[in-house]
Each structure stands twice: as C-alpha cells, then as structure tokens.
Chemist: 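Right, I'll just put the structure down here and ask away after.
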Amino acid sequence: MKIEIRELEETRATLIISDATPYLVNSLRRVLIANTPKMAIEEVEFHMGTIRDEEGREYSSQSALFDEIIAHRLAMVPIPTDLKMFNFRDKCSCGGVGCPLCTLMFVINKRGPCTVYSGDLQPIGDSRFRVKEELIPIVKLRENQALLIYATAVLGTGEQHAKWQPVTICGYQYYPKITIDNNRVHNAEGCAATCPRKALSVDKKKNLVVADLEACNLCRNCVENCEEGAIKVEGDQRKFIFRFETDGSLTAKDALEYALNYLQEKFSEFREELSKAIQ
Ligand SMILES: [Zn+2]
C-alpha cells in the first residue's frame with residue numbers, strides 16, 4: 001500500500017491511497033469517525049437563584065432556553081484537545097475522580113442583555129484550551145437575566161456520542177480514470193461544461209481534455225450528456241481518494257496519526273490473538 005498526502009491543512013486533509021482495498025480504506029474511515037477521541041463537555045452545573053454583579057445589581061439566573069438545551073449546545077462545541085496530554089477518565093491515574101490530565105473545567109459568567117457565544121466558555125487554568133470557534137450562539141439573555149455555569153469536559157469517542165466525534169466529513173472514492181475519444185466529440189466546449197466539478201476543459205486545438213482528474217467524483221454526467229462513446233469514466237478499484245475534515249478540536253494531522261496508530265494496535269492485537277488460538 002502507498003499513501004500520498006495531497007493536501008494537509010489545519011482541519012482538512014486529502015490522501016491518495018494506492019494498492020489498497022475498499023475494506024482497508026473503510027477501516028481508516030470508521031476509526032477516524034468512531035474511535036478517535038476528543039474532549040467534549042459532559043457535565044454542566046447551573047447556578048440557581050439570584051446573581052449579583054460588582055455593583056450589587058441583581059439578576060435572575062434565567063434564560064429563554066431550558067437548561068438541558070443549553071447543556072446540549074455546550075456539549076457540541078469543539079473543545080481544543082491535546083491527545084498526548086489527556087487520558088480517558090476511567091483509565092487515568094486519578095482513578096476516575098477527575099484531575100488536570102483527564103478533566104477540563106470551563107466557566108461562563110454573562111449578564112444580559114446579550115448573546116452568549118461559545119467563546120464565552122472560559123477555561124479555568126490553561127488558556128491553551130480556549131474555544132477556537134468563538135461565534136457559535138448558545139442562548140440570548142434579556143435584561144436582568146444572567147448565566148453562571150461551570151462545565152466539565154472529558155475525553156470520549158464518537159462511538160459513545162456524536163459530541164466526541166472530532167471528524168465531521170469523512171469519505172473516499174475510487175480514483176477516476178477518464179478516457180476521451182476526440183474523434184467522437186462534436187462540441188468540446190459543451191462537453192466540458194457538463195462536468196459540475198470542472199474536471200474537463202478544452203485545449204488550444206479545441207480538443208476535449210482532462211483538466212483536473214482528481215476533481216472528478218465519478219458522477220458520469222459527461223458520459224450521459226456528450227456524444228455516445230466519446231468519454232469513458234471508470235474508477236480504479238485499487239486506488240482511492242480519501243478526504244476528511246475535523247471540527248477544529250484536533251488538527252487533521254493529529255486525527256490521522258491517532259487513527260493510524262489505533263489501527264496498527266488493533267491489527268497486532270488481532271494477529272497475536274490469532275496466533276495464540278492456532279497454537
Ligand atoms: Zn485524572
């Protein structure tokens with residue numbers, strides 16, 4: 001198997017995986033979605049009753065939304081995660097009580113009228129874990145309303161709940177192979193225009209050519225809308241374009257590294273168990 005990194009941005013990656021099979025590539029997709037962990041808010045504590053500001057003005061700890069809805073919205077906010085630092089709570093040296101190696105604490109202290117955003121989640125302690133997506137609206141507060149919240153984030157995986165799924169878009173396709181017979185093409189420009197992904201274009205000699213092979217998603221719109229037999233679109237069964245994006249809690253590089261190590265561990269575990277069973 002050969003992996004080529006075509007694009008590696010902060011939260012987005014494209015890989016070309018050749019000499020592989022769909023089930024192997026799919027195992028990487030599944031691990032990225034379901035087994036790669038991130039931090040997410042698990043417990044939210046709401047201050048009840050009256051809240052006073054520095055000048056002694058009184059606010060009521062109320063808002064337009066139920067506490068459960070606010071807690072759910074906070075849980076879906078991407079929390080920056082350092083996978084080298086954090087442990088799963090049940091596997092942490094603290095024995096699951098909660099310590100800086102498995103737990104992150106946040107506070108929200110806002111007084112209306114205002115809109116509370118994800119950026120109002122202030123980490124208690126290390127400022128590295130400030131939420132990067134600062135403008136996710138959580139709730140609106142009216143005059144005399146206030147919100148004082150303590151929230152606890154822990155590590156989990158997408159297998160448990162979608163809030164612990166760091167990878168959002170994740171998928172693969174066969175690598176395209178486009179064959180053009182220009183003798184059959186009568187309207188090259190018209191043919192090129194049928195491609196919604198702009199994979200085809202016309203060269204100086206007015207011939208229909210492939211402009212961007214990897215943009216082709218095998219929709220076959222060109223095959224159906226150009227002269228019969230002029231274009232042939234196939235997918236290479238041993239080569240794949242693999243794309244994924246993260247929600248910003250992990251970088252694309254960290255998510256990929258974790259997933260590949262996870263797969264390697266699982267496969268060696270499987271090999272060991274199998275060889276034990278055979279003996
Ligand atoms: Zn701990």
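Throughout, numbering of the chain's residues begins at 1 and tracks the sequence. Order of listing sets the numbers, starting from 1, for every ligand and every atom in it. Scope of the values below: all heavy atoms of this structure, side chains included, with no hydrogens, waters or symmetry mates.
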Chemist: Heavy atoms only: give me the nearest P80-V131 pair and the separation to one decimal.
Modeler: CD-CA, 4.1 Å
Chemist: Could you go step by step and tell me if N144 and R111 meet the side chain to side chain donor-acceptor pair (under 3.5 Å) rule?
Modeler: CA-CA 7 Å; N144 299 325; R111 286 179 280 269; over 6 Å; no
Chemist: Return all protein N, O or S atoms below 2.8 Å from the Zn ion (ligand 1), chain by chain in residue order.
Modeler: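 You should have found C92 SG, C94 SG, C99 SG, C102 SG.
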Chemist: Less than 6.0 angstrom separating the ring centers of Y174 and F240, yes or no?
Modeler: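 Between Y174 and F240, the centre distance is under 6.0 Å.
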Chemist: Flag the pair F242 / Y175 as yes when their ring centroid distance falls below 6.0 Å, and as no otherwise.
Modeler: no
Chemist: Determine the minimum heavy-atom distance between Q145 and Y59, stating which atoms define it.
Modeler: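 Of all heavy-atom pairs spanning Q145 and Y59, the closest is O-CD2, 3.7 Å.
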Chemist: Stepwise, does the side-chain contact (heavy atoms from CB on, under 4.5 Å) test hold for V167 with T36?
Modeler: CA-CA 8 Å; V167 168; T36 305; 5.6 Å; no
